[in-house]
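We count ligands from 1, going down the list as the structure has it; atoms in each ligand are counted the same way.
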Amino acid sequence: MADASYNPFRTAQAQLDHAMEVLGLEPSIRQLLREPMREYRYRLPVRMDSGEVQVFDSYRVQYNHARGPTKGGLRWHPDETIDTVRALACWMTWKCAVLDLPLGGGKGGVTCNPTSLSTAEKERLARAYIRAAGHRMSVDRDVPAPDVHTTPQIMAWMLDEYETMMGYHHSGVITGKPIPLGGSAGRNEATSMGGVVIAGEVERELGHQIAGARCAIQGFGNVGGILARLLHERGARVIAISAVDGAIHNEDGIDIPKALTYYNRNMQQIAGFDGGDAISNEELLTCSCEMLFPAALENVITESNAMDIQAKVIIEMANGPTTPAADKILYERGIFVVPDILANAGGVTVSYLEQVQNTYNYRWSVEDINRELQRRMKEAFAAVYAENKRVEGPMRLAAYLLAVERVAEACRLRGWV
Ligand code: GLU
């Protein structure tokens, strides 16, 4: 994402254009789906601990709501722009449709460096965002959730601000909340758990065993860290992990519980961990392994490294990690890529289950949630895999064909096109 010449929204549009071309969609639908239906920009003045006011740029994009209220996370990142948020909101639209959730796609972003903010400053920023954007959110309109650098605690502050503004309780307006405030059991692990379900389906369909597989995981945050633990528990050999400050490699397999303890004690840093050799993030992506899990940011597998990737299977836990040019190279090289809009959909699936529980004012057990998550992820994988057998091309195209057609159908039924 730090590459200024890279525009993720152009990537999202290119992926969509390809699918719309194969589907032969009518021009009016193409016009509608290529751009967000609604987008908002807010300037947020926030008082810092120093007493000075700092003004933050922030956005919310409600990309398409034909299938239901828009749904998607809120990301805090220094490189956030309207185009990163547009791209992520566009991908959420297809992700919700691939999982057949009755939801549209949306995303929010605040341009900030969360690592330099104190807890009190984060709280004031979270509340400022809701004061600006909250009146355009509701259970029936647009529902945010955590994403990169936003946590259940941040969701809690946002919920409190929203309910204070509105004067009533409506916990389903935000998902990924702490459990005492109406959050769902299993939500925190859901994205990673969904990735493991997908790895299980790849094992079943293609015979790539998880047990003993050498896995490389890029990113050790909420998604990558929990994924590493779950894969480790299933007998995979996690040989490479990374965080923003560097990566670690150990051919014998990294002691993941020890690495997680180190990472959490060292303010989300992995450099200096003595359970392997230091390598660069770039070396992690191209190391010799069976399965690669990009679980950080977009634009990491590009035409400059796609030829060097050695993994046989890539499961995209991040949003948008692979560029269209790289996709083509990976496909020609016979690497099986499970696209983001399927692979990392576990998070939004359990967000949806959280909303359903909030609506009923009821709680399901973690076993119930995981069973339902598994069922939905397996069904989505089966549908995409069947489409992939029917239409020649990568799994991403198959996932797009299913999702875009579902959204297009909803637009037609509404008489929008
Ligand atoms: N931020 C997650 C994603 O990119 C989850 C979104 C949600 O739960 O609404 O899928």
Review point. For residues R187 and S351, is any side-chain donor paired with an opposing acceptor at under 3.5 Å?
Key: yes

Review point. Hey, does M166 have a side-chain heavy atom less than 4.5 Å from the side chain of S138?
Key: no

Study note, to complete from the structure: Those residues at least two apart in sequence (or on a different chain) that pass ring pair (Phe, Tyr, Trp, His ring centres under 6.0 Å) with Y262 are F273

Practice item. For residues F9 and P36, report the shortest heavy-atom separation together with the two atoms involved. Key: CZ-CD, 4.1 Å

Practice item. Below 4.0 Å from any atom of ligand 1, which residues have a heavy atom? Give them in chain and number order, please. Key: K71, G72, G73, M92, K95, K107, A145, P146, D147, R187, N319, G347, V348, S351

**Study point:** Between T175 and K71, a side-chain donor and acceptor under 3.5 Å
**Key:** yes

Review point. Side chains of R75 and Y59: is there a donor and an acceptor less than 3.5 Å apart?
Key: no

